[in-house]
J.: 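Sharing a structure with you now.
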Amino acid sequence: MYVTEYFRRFIFRCYRNRVIKKHELNYLFWECTLRCNLNCKHCGSDCLKTSDVEDMPLEDFVQVLDDIKQNNTSRHLTVCITGGEPLLRTDLEEAGKQIVKRGFNWGIVTNALAFTPERFASLLKSGMTSISFSLDGLKEQHTALRKNPCSFERTVNAIKTVVKFQKDNPGYFAFDVITCVHKNNLEELPALRNFLIELGVERWRIFSIFPSGRAAENNLALSGREYVRLMEFIKETRKYKDKKGNGIRLNYACEGFLGKYELKVRDYYFFCRGGINVGSVMCDGNVSACLSVRGKDFIQGNIYHRPFMQIWNEEYKNLRNRNWAKKGRCALCKEWKNCLGNGLHLYNSMSEEPAHCNLQMLAEIT
């Protein structure tokens, strides 16, 4: 068993090295606004109802799309529109049409507060092929985190709308529910799992809250013991069937190397693809990896100064070669070759160590 796992990881590292060397862009986040209709306790970007940063004009992002269309080696690009809250933009449908016109797929991540069946139909008509909703517990816990008494009901109604559409249009549309786990909602995960299965949700993603933005101020991060319980819950759920024989496909997000839990809590080995296959355009034009990577050391340029693909091809060196992270506890870790210093979202700068180590949290208990 050990030999088999050793060779699996060796083969994966070879694959990872080839992907890093090629660094084809195939997933792009667009932070279309920093405005948000919620004020969540765990927000990593501190979005508010009003923002000092104006929404990026659609025509500016269309220039990015044209640049990618002309200069990207990969023709299989998905654009994920996020924020802030993307549904606050009235030109979201036009943005979708422009993305489809250039041969790319697109979807959104939304808190669902502004979601309606009518808006959903309009987005579908504009070519949207995926949507993700955030549901962070049953009513009490979700409301406590999202700080809006209507949020839970709106999200559940949105889920019901999309589930029905999926049943009527099988194989056409990608949909999942995202849950941010913290010390206050950990206990009710089994009940939330059963609730989602009853709603007909087929795919579920779980993130553990990391100490960034408001989350750092609200003491929401899991302890080592709680983190192990989360891993065990995910393992169990991936095999779970309710009394009717129904289950749900659950994956833990790409948040760090997990040692013995690799492939047991998600379908793939840990691989932080930020700056390798994943890029982002922030609301102010800054270019980075995924939108959780906001430290100044990881901003690669700005679309108002240089074309996006020029930045993608000529910069990103500190995201593709992460030897700078091999310091402190990482320098002594025998799993460095598998981890490469954890996910970039856990760094504020290149001079610091990651905010926490997933493997160390597990090792403290197991």
J.: Using modelled atom types and a 3.5 Å cut-off, is there a donor and acceptor pairing between side-chain atoms of E188 and backbone atoms of L138?
T.: yes
J.: Quick one: side-chain contact (heavy atoms from CB on, under 4.5 Å) partners of S130, sequence neighbours excluded?
T.: A174
J.: Suppose clustering is done on Ile, Leu, Val, Met, Phe, Trp and Tyr with side-chain heavy atoms closer than 4.5 Å. Which residues sit in the same group as F12?
T.: Y15, V19, I20, L263, Y269, F271, I276
J.: Excluding sequence neighbours, so at least two apart, what forms side-chain contact (heavy atoms from CB on, under 4.5 Å) with C290?
T.: F29, V278, S292, V293
J.: Partners of K69 by salt bridge (Lys or Arg N to Asp or Glu O under 4.0 Å), sequence neighbours excluded?
T.: none
J.: Evaluate the side chain to side chain donor-acceptor pair (under 3.5 Å) criterion for residues N71 and Q310: first the C-alpha distance (whole Å), next the side-chain angles of each, then the deciding distance (0.1 Å), finally the verdict.
T.: CA-CA 9 Å; N71 297 302; Q310 187 179 100; over 6 Å; no
J.: Could you check if a side-chain atom of M128 sits within less than 4.5 angstrom of a side-chain atom of I81, using non-hydrogen atoms only?
T.: no
J.: Between the side chains of E94 and S126, is a donor N or O closer than 3.5 angstrom to an acceptor N or O?
T.: no
J.: With a cutoff of under 4.5 Å between side-chain heavy atoms, which Ile, Leu, Val, Met, Phe, Trp and Tyr residues group with L340?
T.: W336
J.: Under the rule for side-chain contact (heavy atoms from CB on, under 4.5 Å), what residues qualify as partners of N105, not counting sequence neighbours?
T.: T78, T129
J.: Hey, could you give me each pair passing salt bridge (Lys or Arg N to Asp or Glu O under 4.0 Å) that has a residue in residues 110-131? Not counting sequence neighbours.
T.: E93-R119
J.: When clusters are formed by joining ILVMFWY residues with side-chain heavy atoms under 4.5 Å apart, either directly or through shared neighbours, do V79 and Y172 land in the same one?
T.: yes
J.: Under a 4.0 Å N-O cut-off, is there an ion pair linking K101 with D66?
T.: no
J.: Can you name the nearest heavy-atom pair linking H345 to C254, along with the distance?
T.: CE1-O, 4.4 Å
J.: Please identify each residue that fulfils ring pair (Phe, Tyr, Trp, His ring centres under 6.0 Å) with F270, with sequence neighbours left out.
T.: none
J.: Same hydrophobic cluster for I311 and M350, using side-chain heavy-atom links shorter than 4.5 Å among ILVMFWY?
T.: yes
J.: Between R320 and W312, is NZ or CZ placed under 6.0 angstrom from the six-membered ring centre and within 45° of the ring axis?
T.: yes
J.: Checking S223 now: which residues fulfil side-chain contact (heavy atoms from CB on, under 4.5 Å) with it, not counting sequence neighbours?
T.: R225, E226
J.: When you measure from the side chain of N277 to the backbone N and O of E24, does any donor-acceptor pair fall under 3.5 Å?
T.: yes
J.: Quick one: does D91's side chain have a donor or acceptor within less than 3.5 Å of a partner on L58's backbone?
T.: no
J.: Regarding R329 and E353, does a basic nitrogen lie under 4.0 Å from an acidic carboxylate oxygen?
T.: yes
J.: Tell me the closest heavy-atom pair linking S288 and I299, and the distance in Å.
T.: CB-CD1, 4.1 Å
J.: Tell me, please, which residues at least two apart from E236 pass salt bridge (Lys or Arg N to Asp or Glu O under 4.0 Å).
T.: R193
J.: What is the ring orientation for F120 with F115, classed by angle as parallel under 30°, tilted 30 to 60°, or perpendicular over 60°?
T.: tilted
J.: Give a yes or no answer on whether the side chain of T33 reaches the backbone of P86 with a donor-acceptor pair at less than 3.5 Å.
T.: no
J.: Using a 4.5 Å cut-off on heavy atoms from C-beta on, say whether the side chain of L220 contacts that of L145.
T.: yes
J.: Would you check if the side chain of E202 reaches a backbone N or O of R249 as a donor-acceptor pair within less than 3.5 Å?
T.: no
J.: For D297 and Y347: C-alpha separation, side-chain torsions, deciding distance, then whether side chain to side chain donor-acceptor pair (under 3.5 Å) applies.
T.: CA-CA 9 Å; D297 288 351; Y347 290 86; over 6 Å; no
J.: Would you say the side-chain atoms of N72 pair up with the backbone N or O of L25, donor to acceptor, closer than 3.5 Å?
T.: yes
J.: My understanding is that only residues two or more places apart in sequence, or in another chain, count here; which of them pass side chain to side chain donor-acceptor pair (under 3.5 Å) with T161?
T.: none
J.: Can you tell me if N286 uses its side chain to pair, donor with acceptor, with the backbone of N302 under 3.5 Å?
T.: no
J.: So which atom in L186 and which in P190 form the shortest heavy-atom distance, rounded to 0.1 Å?
T.: O-CD, 4.4 Å
J.: Are side-chain heavy atoms of V156 and F195 found at a separation under 4.5 Å?
T.: yes
J.: May I ask you to decide whether E315 forms a salt bridge with R306, counting only side-chain N to carboxylate O separations under 4.0 Å?
T.: yes
J.: Would you say the ring centroid of F298 lies under 6.0 angstrom from that of Y316?
T.: no
J.: Got a donor-acceptor contact below 3.5 angstrom from the N185 side chain to the G137 backbone?
T.: no
J.: Would you check if K160 and V163 make a side-chain contact, meaning some heavy-atom pair closer than 4.5 Å?
T.: no
J.: With heavy-atom distances below 4.5 Å as the criterion, would you say the side chains of I99 and L65 are in contact?
T.: yes
J.: Report the residue from K260, R266, K264 that forms a salt bridge (Lys or Arg N to Asp or Glu O under 4.0 Å) with E262.
T.: R266
J.: Regarding N194 and Y240, do their side chains bring together a donor and an acceptor under 3.5 Å, going by distance alone?
T.: yes
J.: Looking at G84 and C36, what are the two nearest heavy atoms and their distance?
T.: CA-CB, 4.3 Å
J.: Applying side chain to side chain donor-acceptor pair (under 3.5 Å), run through R146 and N111 and close with a yes or a no.
T.: CA-CA 9 Å; R146 299 286 167 174; N111 62 38; over 6 Å; no
J.: If you count the non-hydrogen atoms of other residues, nucleotides and ligands that lie under 6.0 Å from NZ in K183, is the total more than 12?
T.: yes
J.: Got a donor-acceptor contact below 3.5 angstrom from the D176 side chain to the W204 backbone?
T.: no
J.: D267 vs R238, test: salt bridge (Lys or Arg N to Asp or Glu O under 4.0 Å). Steps then yes/no.
T.: CA-CA 10 Å; D267 296 339; R238 285 166 63 87; 2.9 Å; yes
J.: Report whether I248 and Y268 are members of the same hydrophobic cluster (ILVMFWY, side-chain heavy atoms less than 4.5 Å apart, transitive linking).
T.: no
J.: Tell me if the NZ atom of K317 is crowded by more than 12 foreign heavy atoms within 6.0 Å.
T.: yes
J.: So do L28 and F308 actually touch side chain to side chain, heavy atoms under 4.5 Å?
T.: yes
J.: Would you mind listing the cluster partners of F207? Hydrophobic ones only (ILVMFWY), side-chain contacts under 4.5 Å, chaining allowed.
T.: V109, I178
J.: In terms of heavy-atom contacts, does CD of E198 have more than 12 from other residues, nucleotides or ligands at under 6.0 Å?
T.: no
J.: Is a side-chain N or O of Y27 found less than 3.5 angstrom from the main chain of S280, in a donor-acceptor match?
T.: no
J.: Does a side-chain heavy-atom distance below 4.5 Å link I303 with V281?
T.: yes
J.: Does a side-chain heavy-atom distance below 4.5 Å link W30 with M56?
T.: yes
J.: Applying side chain to side chain donor-acceptor pair (under 3.5 Å) to E59 and Q63, what does each step give before you reach the verdict?
T.: CA-CA 6 Å; E59 56 265 30; Q63 289 184 12; over 6 Å; no
J.: Are any of the side-chain nitrogens in E31 or R294 under 4.0 Å away from the carboxylate oxygens of its partner?
T.: yes
